[in-house]
Amino acid sequence: MTSNDCPFTINLLSQLGASQSNNNVRLNNNANNASLSPPSQDIIGNLPASYWSSQVRSMKVPGETEEDLKTFLKIELSLSRLEEYRKHFWAIGAKRPAKPLNWHLANGRQIVIDERMDLHLVAANDGRLFIKPLPRFLLDSNVWKTYLPQPAVTTGANNITLQQPDLAPDIRKCALGFLYTYVCLISYESDFIIANEKRLLPRLDNGSEIQWYDWQKFVTDILAQHDKEKIHWRFRHGELRLSRLNFSVAGNGPFLLRTYAVGGTTVGLATNRLMNSPLFMSVSFGFSVFAIVAPLFVLVLIPVEVIWNLLKDLVLTPRKRNNSGVGP
């Protein structure tokens with residue numbers, strides 16, 4: 001464990017007192033099995049009530065054991081689904097920090113809560129902006145020190161050994177990048193008010209909100225240790241366009257359609273009865289033309305849509321804001 005395992009020094013949830021009785025309920029479930037070691041009660045109190053486990057295909061309680069908590073963190077913080085889009089990210093989202101919340105509201109966007117990490121800061125064409133609320137456990141220094149530490153470096157006589165933490169290094173990078181997006185989203189006190197109104201920030205056990213001056217200290221800590229090389233590559237981009245994410249794999253649909261269409265007409269043409277049918281021959285010809293033209297149409301439409309959105313982001317939108325007097 002290193003001194004910089006936790007990227008902040010202030011405890012925003014210092015007044016949070018998890019219910020002792022609730023923690024005991026969770027811990028007692030494992031009391032009869034000495035081989036299962038539950039995390040500390042403080043950590044358990046900052047976890048969600050349940051999560052979906054694809055391994056057992058059912059809902060589970062996070063933190064029943066140490067291994068279960070590691071599995072939960074891998075699922076909760078993973079951005080593996082975005083790997084297939086990585087080569088298209090130059091067109092999916094600008095390589096810049098996320099805009100503050102007040103900017104999004106001023107430009108007519110509607111904030112929609114979504115707990116999926118890979119949908120965080122994804123903007124739809126209808127004005128929706130999906131945002132994942134800041135989880136309590138990412139404000140818990142014990143979680144960072146125990147489950148999300150930096151790789152420890154030990155030096156020997158002739159070599160240097162890098163000891164990786166139990167979780168994949170990308171998970172820590174995802175967590176650091178996610179915290180950085182909140183530094184960008186909540187820049188002004190007006191952003192802080194919006195975040196509390198939308199319940200993007202956790203509240204204390206008595207229902208009170210995190211204080212603005214505490215948030216200022218938290219942001220100072222995060223920025224003091226911020227290094228773009230230490231955050232996940234996705235978070236080097238700001239908001240992502242949902243339409244561009246969809247278009248980046250749009251060719252698969254027409255390709256599959258073309259495969260089934262051509263296969264079906266081939267079987268039909270091999271049948272003498274259908275081969276002698278003028279109606280079937282006409283339909284087959286039209287289907288074949290469609291199966292060839294549709295993918296070409298999509299291939300042309302993708303770059304046109306990308307170029308239009310880039311022009312809109314880089315030229316038209318700034319000019320419109322300048323004319324209306326709205327700041328960047």
Side-chain angles (χ1 to χ4, degrees), residues 1-8 11-13 16 18-20 22-83 114-120 132-154 161-182 202 222 225 227 229-235:
M1 184 185 304
T2 68
S3 59
N4 292 327
D5 284 337
C6 183
F8 50 86
N11 186 355
L12 290 179
L13 302 178
L16 180 63
S19 171
Q20 185 68 31
N22 288 342
N23 288 336
N24 286 339
V25 169
R26 291 192 183 186
L27 296 176
N28 288 340
N29 289 336
N30 297 319
N32 296 327
N33 193 337
S35 64
L36 300 178
S37 175
S40 70
Q41 295 183 15
D42 291 338
I43 290 178
I44 290 177
N46 289 328
L47 297 175
S50 62
Y51 76 102
W52 170 258
S53 172
S54 58
Q55 294 179 341
V56 296
R57 300 195 63 79
S58 67
M59 299 299 294
K60 294 193 66 176
V61 175
E64 291 184 324
T65 67
E66 291 280 350
E67 285 303 315
D68 181 64
L69 179 51
K70 293 175 184 177
T71 300
F72 163 74
L73 291 175
K74 288 179 182 178
I75 295 173
E76 182 74 4
L77 301 176
S78 175
L79 286 169
S80 58
R81 287 209 307 169
L82 290 180
E83 288 295 334
D114 196 304
E115 293 287 356
R116 290 171 289 184
M117 180 66 82
D118 49 16
L119 275 181
H120 180 59
K132 177 179 174 62
L134 183 58
R136 292 179 183 274
F137 65 83
L138 283 185
L139 299 178
D140 187 340
S141 60
N142 291 322
V143 170
W144 287 91
K145 294 175 182 178
T146 307
Y147 302 101
L148 299 171
Q150 293 193 85
V153 179
T154 58
T161 303
L162 190 64
Q163 297 178 341
Q164 299 288 1
D166 291 337
L167 293 177
D170 270 359
I171 299 300
R172 177 180 171 87
K173 289 184 176 182
C174 290
L176 286 173
F178 180 77
L179 285 187
Y180 179 65
T181 65
Y182 266 87
I222 299 296
Q225 299 189 40
D227 181 350
E229 298 301 324
K230 293 183 179 180
I231 67 175
H232 193 276
W233 57 265
R234 180 267 173 264
F235 293 120

Qualifying residues under salt bridge (charged side-chain N to carboxylate O under 4.0 Å, His left out), relative to Glu83, sequence neighbours excluded = none
task = Please list, chain by chain and in numerical order, all residues satisfying ring pair (Phe, Tyr, Trp, His ring centres under 6.0 Å) with Phe235, sequence neighbours excluded.
result = none
query = At their closest point, which heavy atom of Met59 faces which heavy atom of Ser50, and how far apart are they?
reply = CE-OG, 3.4 Å
inquiry  = If you compare all heavy atoms of His120 against all heavy atoms of Tyr182, which two are closest, and at what distance to 0.1 Å?
reply    = CE1-CE1, 4.0 Å
ask   = What residues, two or more places apart in sequence or in another chain, satisfy salt bridge (charged side-chain N to carboxylate O under 4.0 Å, His left out) together with Lys230?
value = none
key: Minimal non-hydrogen separation, Ala175 against Trp144, with atom names   = CB-CH2, 3.5 Å
key: Phe72 side chain reached by Leu69 side chain, heavy atoms, under 4.5 Å   = yes
query = Nearest 0.5 Å, what's the CG-CD distance between Leu138 and Glu76?
reply = 8.0 Å
ask   = Can you check whether Val143 reaches Asn46 side chain to side chain, under 4.5 Å on heavy atoms?
value = no
note = Taken to the nearest 0.5 Å, the spacing of Gln225 CD from Leu176 CG works out to 8.5 Å
message = Contact between Ile231 and Phe178 at the side-chain level, heavy atoms closer than 4.5 Å - yes or no?
response = no
query = Who pairs with Asp114 by side-chain hydrogen bond (donor to acceptor under 3.5 Å, both in side chains), at least two apart in sequence or on another chain?
reply = Arg116
task = Report yes if some heavy atom in the side chain of Phe8 is under 4.5 Å from a heavy atom in the side chain of Leu179; otherwise report no.
result = yes
message = Once rounded to the nearest 0.5 Å, what's the spacing between atom CG of Asp140 and atom CG of Leu13?
response = 8.0 Å
query = Is Met117 close to Leu77 at the side-chain level, that is, under 4.5 Å between some pair of heavy atoms?
reply = yes
key: Listed partners of Arg81 passing side-chain contact (heavy atoms from CB on, under 4.5 Å), at least two apart   = Asp118
message = Let me confirm one number: the NZ-CG distance from Lys173 to Asp227, rounded to the nearest 0.5 Å.
response = 9.5 Å
key: His232 side chain to Gly177 backbone, donor-acceptor under 3.5 Å   = no
query = Distance from Ser53 atom OG to Lys60 atom NZ, nearest 0.5 Å?
reply = 5.0 Å
task = Please check if the distance between the ring centroids of Phe137 and Tyr147 is under 6.0 Å.
result = no
note = Hits for side-chain contact (heavy atoms from CB on, under 4.5 Å) against Ser80, two or more places apart or cross-chain, chain-then-number order -> Ser78
